[in-house]
Asker: 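Take a look at the following structure, please.
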Amino acid sequence: MTTNYSHPYFPRDLHLPHFVPNSHGTAYILAVVFGSFAVILLTAAMFILRNKSISNRDRLIYMWCILSGTIHIGLEGYYVLNYDSLAGDQSILGQVWKEYSKGDSRYLSSDSFMLSMERITAYIDGPLAFYSAYAIYTKSPGRHISLLSVSICQLYGVILYFATTFFLGSPHSDPHPLYYWFYFVTMNCIWVFIPSYVLTREWATLYQKVSFYDHRNSKKSD
């Protein structure tokens, strides 16, 4: 016999017959999430500091790629594999998603856009972020193209993510400041600001290098 639970998500008439409330509270879940982020960043920092030839700016981008890739493959990959059962999932990652879904309930309703976007994020953006980190560490010329590509993917994805719900008046978000302004807006804006910076930096670098070679080749032809 299926038990129907009331749920805390918006819109209030959202049908989630298999919803089970989290067994952990908000403070515990946030501590797990941000504690994990801190461990990932510290581990990445310890590793990249071994390479003395890397600039501090590239070290920070390396750390961002490691964190971003882990989130894409680990957390968002979990969503892709379990999207249809998340509302009743009591694993720690399932509870993280149920907590975050107070800011955007589309993750619990098998929304077709969310599933399509997250598949691209998990299967393309995640590996590309890790390759970018590797390319930075080894100083591979491919780092410029990979960073440019992953930044475009991340920026395009988050713009569509916001636009598809802003257009409707954000009906999937709890208006509480924690859920709307922190979970939904702030946490996702990170994938606007950092990819925008990396995209601008890599575009300028590639433009400078191409201009240099074009100028040199034009001199040779003269």
Asker: Using side-chain heavy atoms (C-beta onward) and a distance below 4.5 Å, is Leu14 in contact with Ser109?
Answerer: yes
Asker: Take His172 and Thr165 through the test side chain to side chain donor-acceptor pair (under 3.5 Å) and record every step on the way to the result.
Answerer: CA-CA 7 Å; His172 314 96; Thr165 188; 3.1 Å; yes
Asker: Under 4.5 Å between side-chain heavy atoms, counting indirect links through other Ile/Leu/Val/Met/Phe/Trp/Tyr residues: same cluster for Leu128 and Ile73 or not?
Answerer: no
Asker: Measure up the Tyr180 and Phe184 rings against each other and bin them: parallel (under 30°), tilted (30 to 60°), perpendicular (over 60°).
Answerer: tilted
Asker: Which heavy atom of Lys98 sits nearest a heavy atom of Val20, and at what distance?
Answerer: NZ-O, 2.6 Å
Asker: Give a yes or no answer on whether the side chain of Thr186 reaches the backbone of Trp181 with a donor-acceptor pair at less than 3.5 Å.
Answerer: yes
Asker: List the atom of Ala87, the atom of Leu108, and the distance in Å for their closest heavy-atom pair.
Answerer: N-CD2, 4.0 Å
Asker: Using the side-chain contact (heavy atoms from CB on, under 4.5 Å) rule, take Met117 and Leu160 through it: C-alpha gap first, then chi angles, then the decisive distance, then the call.
Answerer: CA-CA 9 Å; Met117 181 192 72; Leu160 286 179; 5.7 Å; no
Asker: Do Asp111 and Tyr83 have side-chain heavy atoms sitting under 4.5 Å apart?
Answerer: no
Asker: Is there a side-chain contact between Phe193 and Cys189 in this structure, where contact means two heavy atoms from C-beta onward sitting under 4.5 Å apart?
Answerer: yes
Asker: Please answer: with hydrophobic residues joined when any side-chain heavy atoms are less than 4.5 Å apart, are Trp191 and Leu60 in the same cluster?
Answerer: yes
Asker: Main chain of Arg143, side chain of Ser132: is a donor-acceptor contact present, judged purely on distance under 3.5 Å?
Answerer: no
Asker: Closer than 3.5 angstrom, by distance alone: can the side chain of His72 be matched with the main-chain N or O of Glu118 as a donor-acceptor pair?
Answerer: no
Asker: Check for a donor-acceptor pair, side chain of Gln95 on one end and backbone N or O of His24 on the other, with a separation under 3.5 Å.
Answerer: yes
Asker: May I ask you to check if Arg106 and Tyr161 form a cation-pi contact, with NZ or CZ under 6.0 angstrom from the six-membered ring centre and within 45° of the axis?
Answerer: yes
Asker: Quick check: are there more than 12 heavy atoms from other residues, nucleotides or ligands sitting under 6.0 Å from CZ of Phe166?
Answerer: yes
Asker: Do you know the tightest heavy-atom contact between Pro127 and Ala122?
Answerer: CD-O, 3.4 Å
Asker: Where do Gln154 and Ser68 land on the side chain to side chain donor-acceptor pair (under 3.5 Å) test, with the steps shown first?
Answerer: CA-CA 10 Å; Gln154 290 174 337; Ser68 187; 2.8 Å; yes
Asker: Between the main-chain N or O of Tyr137 and the side-chain N or O of Asn51, is there a donor-acceptor pair closer than 3.5 Å?
Answerer: yes
Asker: A side-chain contact here means heavy atoms from C-beta on lying under 4.5 Å apart; do Tyr100 and Tyr179 qualify?
Answerer: no
Asker: Restricting to salt bridge (Lys or Arg N to Asp or Glu O under 4.0 Å), what partner residues turn up for Arg59, sequence neighbours left out?
Answerer: none
Asker: Membership question, hydrophobic clusters at under 4.5 Å side-chain separation (ILVMFWY): are Ile136 and Val150 in the same one?
Answerer: no
Asker: State, yes or no, whether a side-chain contact exists between Tyr9 and Asp174 at a heavy-atom distance under 4.5 Å.
Answerer: no
Asker: Judged by atom type as modelled, is there a donor-acceptor pair below 3.5 Å linking the side chain of Gln90 to the main-chain atoms of Pro21?
Answerer: yes
Asker: Verify, without hydrogens or angle tests, whether Trp97 (side chain) and Leu75 (backbone) share a donor-acceptor contact under 3.5 angstrom.
Answerer: yes
Asker: Please check this pair: side chain of Ser91 against backbone of Gly94, looking for a donor-acceptor N/O pair closer than 3.5 Å.
Answerer: yes
Asker: Taking side-chain contact (heavy atoms from CB on, under 4.5 Å) as the definition, give me every residue that meets it alongside Leu178, ordered by chain and number, with sequence neighbours left out.
Answerer: Thr26, His176, Phe182, Tyr183
Asker: Does Arg12 make a cation-pi contact with Phe10, if we ask for NZ or CZ under 6.0 Å from the ring centre and within 45° of the axis?
Answerer: yes
Asker: Examine Val192 and Met187 and state if one hydrophobic cluster contains both, with Ile, Leu, Val, Met, Phe, Trp and Tyr joined whenever side-chain heavy atoms are less than 4.5 Å apart.
Answerer: yes
Asker: Any heavy-atom pair between the side chains of Trp64 and Ile190 that's under 4.5 Å?
Answerer: yes
Asker: Which value, rounded to the nearest 0.5 Å, describes the distance between Ser101 atom OG and Leu86 atom CG?
Answerer: 7.0 Å
Asker: Would a distance-only check, ignoring hydrogens and angles, find a side-chain to backbone donor-acceptor pair under 3.5 Å from Asp89 to Ser85?
Answerer: no
Asker: Roughly how far, to the nearest 0.5 Å, is CD of Glu202 from CD1 of Ile145?
Answerer: 9.0 Å
Asker: Determine whether Tyr28 and Ile92 make a side-chain contact, defined as any pair of heavy atoms from C-beta on separated by less than 4.5 Å.
Answerer: yes
Asker: Counting only heavy atoms from other residues, nucleotides and ligands, does the tally under 6.0 Å from CZ of Arg57 exceed 12?
Answerer: no
Asker: With a 4.0 Å cut-off on N to O distance, would you call Arg201 and Asp58 a salt bridge?
Answerer: yes
Asker: Just by modelled atom types, is the Gly142 backbone N or O under 3.5 Å from a matching donor or acceptor in the Ser146 side chain?
Answerer: yes
Asker: Kindly check if the number of other-residue, nucleotide or ligand heavy atoms within 6.0 Å of OH (Tyr197) is above 12?
Answerer: yes
Asker: How far apart are the closest heavy atoms of Tyr131 and Ser140, and which atoms are they?
Answerer: OH-OG, 3.9 Å
Asker: Hey, are the side chains of Ile120 and Cys153 touching, using non-hydrogen atoms and a 4.5 Å cut-off?
Answerer: no
Asker: Output the distance between atom OG1 (Thr43) and atom CD1 (Ile48), rounded to the nearest 0.5 Å.
Answerer: 13.0 Å
Asker: Which heavy atom in Val198 sits nearest to a heavy atom in Ser151, and how many Å separate them?
Answerer: CG1-OG, 3.3 Å
Asker: What about Leu115 and Leu81, same hydrophobic cluster or not, with Ile/Leu/Val/Met/Phe/Trp/Tyr joined at side-chain heavy-atom distances under 4.5 Å?
Answerer: yes
Asker: Does the side-chain contact (heavy atoms from CB on, under 4.5 Å) test come out yes or no for Asn82 and Leu93, once each step is laid out?
Answerer: CA-CA 10 Å; Asn82 300 279; Leu93 290 181; over 6 Å; no
Asker: Who passes ring-ring contact (aromatic ring centres under 6.0 Å, His included) against Tyr134, sequence neighbours left out?
Answerer: none
Asker: Stepwise, does the side-chain contact (heavy atoms from CB on, under 4.5 Å) test hold for Glu76 with Val80?
Answerer: CA-CA 6 Å; Glu76 291 167 293; Val80 169; 5.7 Å; no
Asker: Side chains of Thr205 and His144 only: does a donor on one sit below 3.5 Å from an acceptor on the other?
Answerer: no
